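Heavy atoms only: backbone and side chains are in, while hydrogens, waters and symmetry mates are out. Not measured: the values here are computed from a predicted model.
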Amino acid sequence: QVQLVESGGGLVQAGDSLRLSCAASGGTFSMGWFRQTPGKEREFVAAISRSGGITTYADSVKGRFTISRDNAKNTVYLQMNDLKPEDTAVYYCAAGRMTTAPGSYDYWGQGTQVTVSS
């Protein structure tokens, strides 16, 4: 019914930029981006309301990352600037309601790897 497909990850150097995309089908929802590294719990990154009018960010990415959406394409983006090694993780998009808790989201993409070298 609802499918989310992330893309845009890769290997970059510190200070570089990447834009992640999440193509959704089967509905329109508030969306979140999360990230996870081995041995750690899934961490909230950013979220956006269904209309795109409200956004929120983790303190660790404020001023560097921007979440946006194009509802005509049913696609959500995460523009990541000034990437740091600590941003290295598998990034997941999720559909649900705007919370910072992974368990509150109903649908998840498969994840895309972002690796930032020093």
Side-chain angles (χ1 to χ4, degrees):
Q1 182 180 356
V2 177
Q3 295 183 343
L4 308 175
V5 180
E6 302 101 329
S7 62
L11 173 62
V12 298
Q13 295 180 341
D16 285 353
S17 297
L18 281 174
R19 188 177 75 161
L20 306 183
S21 298
C22 177
S25 62
T28 301
F29 307 87
S30 296
M31 300 290 297
W33 285 97
F34 294 79
R35 63 190 184 187
Q36 188 169 26
T37 56
K40 296 184 178 180
E41 295 184 350
R42 195 161 294 188
E43 175 188 19
F44 172 77
V45 176
I48 188 167
S49 63
R50 288 196 295 174
S51 69
I54 303 172
T55 58
T56 187
Y57 300 90
D59 288 342
S60 59
V61 306
K62 285 181 180 177
R64 298 188 297 121
F65 291 11
T66 302
I67 189 170
S68 62
R69 68 189 304 159
D70 182 347
N71 281 355
K73 299 172 66 175
N74 207 11
T75 299
V76 178
Y77 305 95
L78 185 68
Q79 178 66 45
M80 305 185 294
N81 296 329
D82 191 25
L83 283 161
K84 304 176 183 295
E86 52 263 42
D87 296 318
T88 295
V90 177
Y91 283 71
Y92 299 88
C93 71
R97 58 189 182 94
M98 282 191 75
T99 80
T100 61
S104 296
Y105 289 78
D106 298 316
Y107 306 100
W108 293 84
Q110 82 288 348
T112 185
Q113 176 72 46
V114 173
T115 302
V116 185
S117 63
S118 300

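Taking each heavy atom of M31 and V76 in turn, the nearest pair found is CG-CG2, 3.4 Å. The two residues Y107 and L4 come nearest to each other via the heavy atoms O-CD1, 3.5 Å. Contact record, L20 with G9: CD2-N, 3.6 Å, taken as the closest heavy-atom pair. Taking both residues in full, the closest heavy atoms of V116 and T88 are given as N-OG1, 2.9 Å, listed atom of the first, atom of the second, then distance. Here the shortest heavy-atom pairing between A46 and L78 reads CB-CD1, 4.2 Å. Nearest approach of T56 to M98, heavy atoms of both residues: CG2-CE, 3.9 Å.
Counting only heavy atoms from C-beta outward, the side chains of R35 and S60 approach each other to under 4.5 Å.
Going from atom OG1 of T100 over to atom OH of Y57 covers 15.5 Å, rounded to the nearest 0.5 Å. The distance from atom CD of E43 to atom CD of Q36, rounded to the nearest 0.5 Å, is 10.0 Å. Between T28 atom OG1 and R50 atom CZ the span is 7.5 Å, to the nearest 0.5 Å. Between the OH atom in Y91 and the OG atom in S7 there is a gap of 15.0 Å [rounded to 0.5 Å]. Annotation: the span from I48 atom CD1 to S30 atom OG amounts to 9.0 Å, rounded to 0.5 Å.
At distances below 3.5 Å, at least one donor-acceptor pair connects side-chain atoms of R69 with backbone N or O atoms of S49. Not one N or O on the side chain of D106 forms a donor-acceptor pair closer than 3.5 Å with the backbone of G96. At distances below 3.5 Å, at least one donor-acceptor pair connects side-chain atoms of E6 with backbone N or O atoms of G111. Of the possible donor and acceptor atoms, one in the side chain of N74 sits under 3.5 Å from a partner among the backbone N and O of G27.
Hydrophobic cluster membership differs between Y77 and I67, with clusters built from Ile, Leu, Val, Met, Phe, Trp and Tyr side chains linked at under 4.5 angstrom. Following chains of ILVMFWY side-chain contacts shorter than 4.5 Å, one can reach W33 starting from V2, so the two form part of one hydrophobic cluster.
Residue E86 places its CD atom among more than 12 non-hydrogen atoms of other residues, nucleotides or ligands, all under 6.0 Å distant. Around atom CZ of R64, more than 12 heavy atoms belonging to other residues, nucleotides or ligands sit under 6.0 Å away.
Ion pair D87/K84 not flagged as a salt bridge, since none of the NZ, NE, NH1 or NH2 atoms sits closer than 4.0 Å to an Asp/Glu carboxylate oxygen.
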Quiz item: Between S117 and Q13, is a side chain to side chain contact (heavy atoms under 4.5 Å, CB included) present by the stated rule, with each step listed?
Solution: CA-CA 5 Å; S117 63; Q13 295 180 341; 3.8 Å; yes
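Within the hydrophobic cluster formed by Ile, Leu, Val, Met, Phe, Trp and Tyr side chains joined at under 4.5 Å, directly or through other members, W108 is accompanied by F34, F44, V90, Y92, Y105.
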